[in-house]
Amino acid sequence: MRWSAAFIPTLRDAPADAEAASHKLLVRGGFIRQLHAGHYSLLPLGLRVHEKVAQIVREEIDAIGGQEFLLPAMHPASLWKQSGRWDVMGDEMFRLQDRGGADLALGMTHEEVFSHLATSLHSYKELPQLWYQIQMKFRDEPRPKSGLLRVREFAMKDSYSFDLDDEGLDKAFDAHHGAYTTIFNRLGLSAMPVQASSGAMGGSASVEFMVASPAGEDDVLVCGSCGYRANVERGTSRLDPLDTSPSVDVTERFPTPGVRTIAELEDIDGGAPAMNQIKTMVMVLDDEVVLALLRGDHHLNVQKLQDNSGAVEIRPATAEETLASLGANPGSLGAVGVSEFRVLCDLALEGRTGMVTGANEDDWHLRHVSVERDISVDAWVDIREVQSGEACIDCGSVLEVVRCIEAGHIFKLGRKYAEAMGISVLDADGKSQVPTMGSYGIGIGRAVAAIAENHHDDAGLCWPFAVAPYHVLITILDLDDSEAMKLASEAEAAFTQAGLDVLVDDRAARPGVKFADAELIGVPYRLTIGGRSLGKGQVEFTPRQTGATENLDKGTCVETILKALPAPH
RNA sequence: CGGGCUGUGGCGCAGUUUGGUUAGCGCACUGGUCUGGGGGACCAGGGGUCGGAGGUUCAAAUCCUCUCAGCCCGACCA
């Protein structure tokens with residue numbers, strides 16, 4: 001490709017609204033352009049990277065036996081009603097109607113459609129099956145952000161496994177685990193597998209592949225010594241044992257004028273340290289008021305609450321709802337004596353005594369509260385979010401919280417969809433069996449952004465060879481120098497012949513512009529042909545990563561470079 | 001969904017508070033001269049429904065109302 005004929009609209013300044021490094025650089029480098037919030041056009045350079053990422057994913061899923069499909073992006077509502085997710089998905093699903101008034105949805109994922117196809121399976125002899133596609137997904141994200149990292153329309157590789165039994169599902173799951181590891185290695189992403197929440201639809205195993213990055217949106221607990229890794233939506237920690245000996249037989253009301261927060265209650269006379277307080281959070285789960293209890297110094301994780309309650313829609317109660325429910329304002333709330341609302345209590349409060357909590361009357365609290373004696377707990381659940389510095393559940397070492405981009409997610413669905421969608425096969429005994437499913441996703445565009453996040457410097461992008469839009473950039477500094485032009489053409493032909501993607505910068509621009517653009521778009525290797533070296537019979541070879549320029553003999557430079565480069569795919 | 005901020009040429013911005021000829025600057029773009037190894041200089045140019053609609057006024061980028069769009073924070077710490 002000749003740069004003079006290419007559409008590579010580089011910008012000196014990033015758009016004012018770009019924050020993430022990948023966002024700025026992908027826009028500045030002419031890879032992507034925003035159409036509207038959460039929807040990006042992939043320009044030729046961006047598409048080349050996107051396709052290379054997709055191709056690597058494709059090869060590795062093929063390698064574990066995947067068969068590629070291309071399914072419709074627009075689905076009938078009936079399919080989603082059958083699985084139950086028409087209601088569950090809420091506002092995140094784009095919905096529309098056709099001219100006849102029929103409800104339609106844009107697919108957020110394709111369990112339903114693949115399951116529908118799987119009703120054509122009739123015999124155990126046809127199992128296992130491993131199906132996948134690379135297709136656009138649509139999600140009405142409440143807040144698209146950070147360029148390609150969180151968008152409303154994106155290409156995703158989603159695969160689904162169908163197996164007769166759990167053993168088969170384990171194999172499919174493990175195969176994906178391995179394939180994902182290979183994929184992320186090939187993409188140049190150091191992705192770590194972490195235990196994760198499987199979300200509203202349940203499932204027995206759920207592993208996310210996380211790439212550490214400040215631009216990410218997930219927090220992962222990482223133990224440096226034993227390798228424990230878990231999303232904070234799922235992870236737990238080891239707490240120091242606390243005194244649970246019975247103190248006083250009865251609770252005691254005491255005045256706490258003006259006290260509204262845990263911290264204030266710590267400070268006043270007769271107060272208590274946060275860890276000896278009960279935090280009472282009034283939450284509304286699918287229109288039902290529920291009290292969530294936590295230790296005063298602990299934080300609620302909403303996803304955990306969702307996973308433990310099965311609720312679809314969760315929000316904190318409004319001030320009015322809180323007052324109407326408990327008769328007091330936030331700051332004086334408690335669950336002692338409350339029986340009209342469901343009470344979900346965090347495990348860390350199990351057996352605790354001598355606690356302080358609100359009395360459900362403004363400016364009054366209770367002390368000497370024994371959780372199990374004084375509170376009617378409906379369920380003991382793990383709903384607290386582990387904080388950095390807590391002790392690893394497995395080995396007791398210090399846990400660190402690392403900000404990450406979720407690059408991939410694999411989980412075992414079980415038989416839920418298969419049952420709902422009516423999939424069944426006859427087993428060897430002629431008995432009807434519902435297959436068990438797994439679901440495995442990788443966001444292609446997000447992977448592109450994650451790679452950009454992990455491979456750039458102040459000057460621009462530094463694409464890993466395997467996903468670079470071009471492998472080699474030949475920069476001609478003097479277009480009037482016929483020797484340089486000839487040499488460039490010969491090198492271009494030889495590289496192309498060797499299977500490399502070559503971009504030739506033949507623009508009538510000053511060297512500084514060409515060098516700056518070269519670094520911005522991040523082609524991994526640059527061959528510079530200019531008068532300074534050519535006069536000495538040399539050309540310059542510069543790997544983008546190191547920036548270290550090496551002079552090569554002009555006659556042998558092509559073969560020298562071909563030897564130095566990784567093999568293209 | 002709550003709060004905050006922002007919409008002026010392809011990108012970055014000024015002008016809006018206090019309404020007043022022809023809306024300006026940098027980059028980019030076009031032509032030219034010089035220059036020629038890290039976003040060069042000079043000269044001459046082109047490009048704007050000031051997000052949209054309505055209103056106030058002799059007069060609106062500027063004031064008012066509505067609306068659309070985008071960004072950031074929050075939507076756990078009661």
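Protein chains get the first letters and strands the later ones, always in sequence-line order, with residue 1 at the start of each.
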Closest approach to the side chain of A/Ala37, judged atom by atom: which nucleotide of B/rA78, B/rG38, B/rC71 is it?
B/rC71
Of B/rC72, B/rG26, B/rA78, the nucleotide closest to the side chain of A/Asp13 is B/rG26
Examine A/Arg95 relative to A/Trp80 and say whether NZ or CZ is less than 6.0 Å from the centre of the six-membered ring and inside a 45° cone about the ring axis.
no
By the 4.0 Å heavy-atom rule, please label A/Pro330 as base, sugar-phosphate, or nothing.
base
Among B/rA78, B/rA28, B/rC76, which nucleotide sits nearest the side chain of A/Ile262?
B/rA78
Can you check the distance between B/rG12 and B/rU6, where both ends of the measurement are the P atom (answer in whole Å)?
16 Å
With sugar-phosphate meaning primed atoms plus P, OP1 and OP2, does A/Asp517 contact a base, only sugar-phosphate, or nothing at under 4.0 Å between heavy atoms?
base
Base, sugar-phosphate, or nothing: which does A/Arg150 touch, judged by heavy atoms less than 4.0 Å apart?
nothing
Distance, P atom - from B/rG45 to B/rC50, rounded to whole angstrom:
25 Å
Output the single nucleotide from B/rG70, B/rA78, B/rC76 whose closest atom is nearest the side chain of A/Thr261.
B/rA78
Select base, sugar-phosphate, or nothing to describe what A/Gly531 touches, counting heavy atoms under 4.0 Å on all strands.
base
Using the C1' atom as the reference point in each nucleotide, state the distance between B/rG52 and B/rG70 in Å, no decimals.
15 Å
So, A/Asp103 versus A/Gln97: side-chain donor-acceptor pair below 3.5 Å or not?
yes
Starting from C1' on B/rG10, measure out to CZ on A/Arg33 and report it in whole angstrom.
8 Å
Under 4.0 Å, heavy atoms only, any strand: does A/Gly530 hit a base, just the sugar-phosphate, or nothing?
base
Side chain of A/Leu300 (C-beta onward), nearest among B/rG38, B/rC76, B/rC13
B/rC76
Could you list the donor-acceptor pairs under 3.5 angstrom formed by side chains in residues 468-478 of chain A, with sequence neighbours left out?
unit_1, atom_1, unit_2, atom_2, d
A/His471, ND1, A/Asp501, N, 2.9
A/Asp478, OD1, A/Asp480, N, 2.9

Applying a 4.0 Å non-hydrogen cut-off, can you work out what A/Pro9 is touching in the nucleic acid: base, sugar-phosphate, or nothing?
nothing
If you measure only the distance, is there a donor-acceptor pair under 3.5 Å linking the side chains of A/Arg342 and A/Ser376?
no
Pick base, sugar-phosphate or nothing for A/Ala274, based on heavy-atom distances below 4.0 Å to the nucleic acid.
nothing
I want to verify a distance call: between B/rG12, B/rG39, B/rG70, whose nearest atom is closest to the A/Pro15 side chain?
B/rG12
Can you tell me, in whole Å, how much space there is between the C1' of B/rG54 and that of B/rU49?
16 Å
The Watson-Crick or G-U wobble partner of B/rC25, with both key distances under 3.5 Å, is B/rG12
Sorted by chain and number, sequence neighbours left out, ring pair (Phe, Tyr, Trp, His ring centres under 6.0 Å) with A/His298 holds for none
Which residue lies toward the 5' end of RNA chain B, A/Ser332 or A/Glu519, if each is placed at its nearest nucleotide?
A/Glu519
A/Gln387 near the nucleic acid: base, sugar-phosphate alone, or nothing, with a heavy-atom cut-off under 4.0 Å?
nothing
Thinking salt bridges, do A/Asp17 and A/Lys145 make one under a 4.0 Å N-O criterion?
no
Base-pairing assignment for B/rU57 (Watson-Crick or G-U wobble, both under 3.5 Å):
none
Tell me what A/His298 touches on the nucleic acid: a base, only sugar-phosphate, or nothing, going by heavy atoms under 4.0 Å.
nothing
In whole angstroms, how far is the C1' atom of B/rG26 from the CG atom of A/Leu11?
14 Å
Hunt down the Watson-Crick or G-U wobble partner of B/rC1, both distances under 3.5 Å, from any strand shown, or write none.
B/rG74
Tabulate below the donor-acceptor pairs under 3.5 Å that side-chain atoms of residues 324-331 of chain A make, not counting sequence neighbours, or state none.
unit_1, atom_1, unit_2, atom_2, d
A/Ser325, OG, A/Glu321, O, 2.7
A/Asn329, ND2, A/Asp362, OD2, 2.7

What interatomic distance, in whole Å, is found between C1' of B/rC68 and the corresponding atom of B/rU22?
31 Å
Using Watson-Crick geometry (N1-N3 plus N6-O4 or O6-N4) or G-U wobble (N1-O2, O6-N3), each under 3.5 Å, B/rA41 is paired with B/rU33
Complement of B/rU62, any strand, by Watson-Crick or G-U distances under 3.5 angstrom
none
Value in whole Å for how far the P atom of B/rC27 lies from CZ of A/Arg28:
16 Å
With sugar-phosphate meaning primed atoms plus P, OP1 and OP2, does A/Val27 contact a base, only sugar-phosphate, or nothing at under 4.0 Å between heavy atoms?
nothing
Find every protein N or O atom lying less than 3.5 Å from an N or O atom of nucleotides 31-35 of chain B, and list the pairs.
unit_1, atom_1, unit_2, atom_2, d
B/rU35, O2, A/Arg510, NH1, 2.6

So, A/Thr10 versus A/Asp517: side-chain donor-acceptor pair below 3.5 Å or not?
yes
Return the value, rounded to whole Å, for the distance between atom CG of A/Asp17 and atom P of B/rC72.
7 Å
What's the gap between B/rG47 and B/rU35 when it is taken at their C1' atoms, as a whole Å value?
28 Å
Interatomic distance at C1', B/rC5 relative to B/rA78, whole Å:
28 Å
Please give the distance between the P atoms of B/rU18 and B/rG24 as a whole number of Å.
24 Å
How many Å lie between CD on A/Glu321 and C1' on B/rA78, as a whole number?
14 Å
Could one point to a donor on the side chain of A/Gln34 or the base of B/rG70 with an acceptor on the other under 3.5 Å away?
no
Of A/Lys514 and A/Glu19, whose closest RNA chain B nucleotide lies nearer the 5' terminus?
A/Lys514
Please list all pairs passing the salt bridge (charged side-chain N to carboxylate O under 4.0 Å, His left out) test where one or both residues lie in residues 289-306 of chain A, with sequence neighbours left out.
A/Arg295-A/Asp297, A/Lys304-A/Asp382
At under 4.0 Å between heavy atoms, what does A/Ala16 touch on the DNA or RNA strands: base, sugar-phosphate, or nothing?
sugar-phosphate
Over how many whole Å does the gap from A/Leu35 atom CG to B/rC71 atom P extend?
12 Å
Thinking salt bridges, do A/Glu217 and A/Arg403 make one under a 4.0 Å N-O criterion?
no
Expressed in angstrom and rounded to an integer, what is the separation of A/Glu141 atom CD from B/rC71 atom P?
13 Å
Against the side chain of A/Arg12, the closest entry in B/rA28, B/rC72, B/rA78 is B/rA28
Show me the donor-acceptor pairs, under 3.5 Å and distance only, between side chains in residues 35-47 of chain A and residues at least two apart or in other chains.
unit_1, atom_1, unit_2, atom_2, d
A/His39, ND1, A/Glu153, OE1, 2.8
A/His39, NE2, A/Arg152, NE, 3.3
A/Tyr40, OH, A/His23, NE2, 3.1

Nearest-angstrom distance from the residue atom CG of A/Asp91 to P of B/rA75:
19 Å
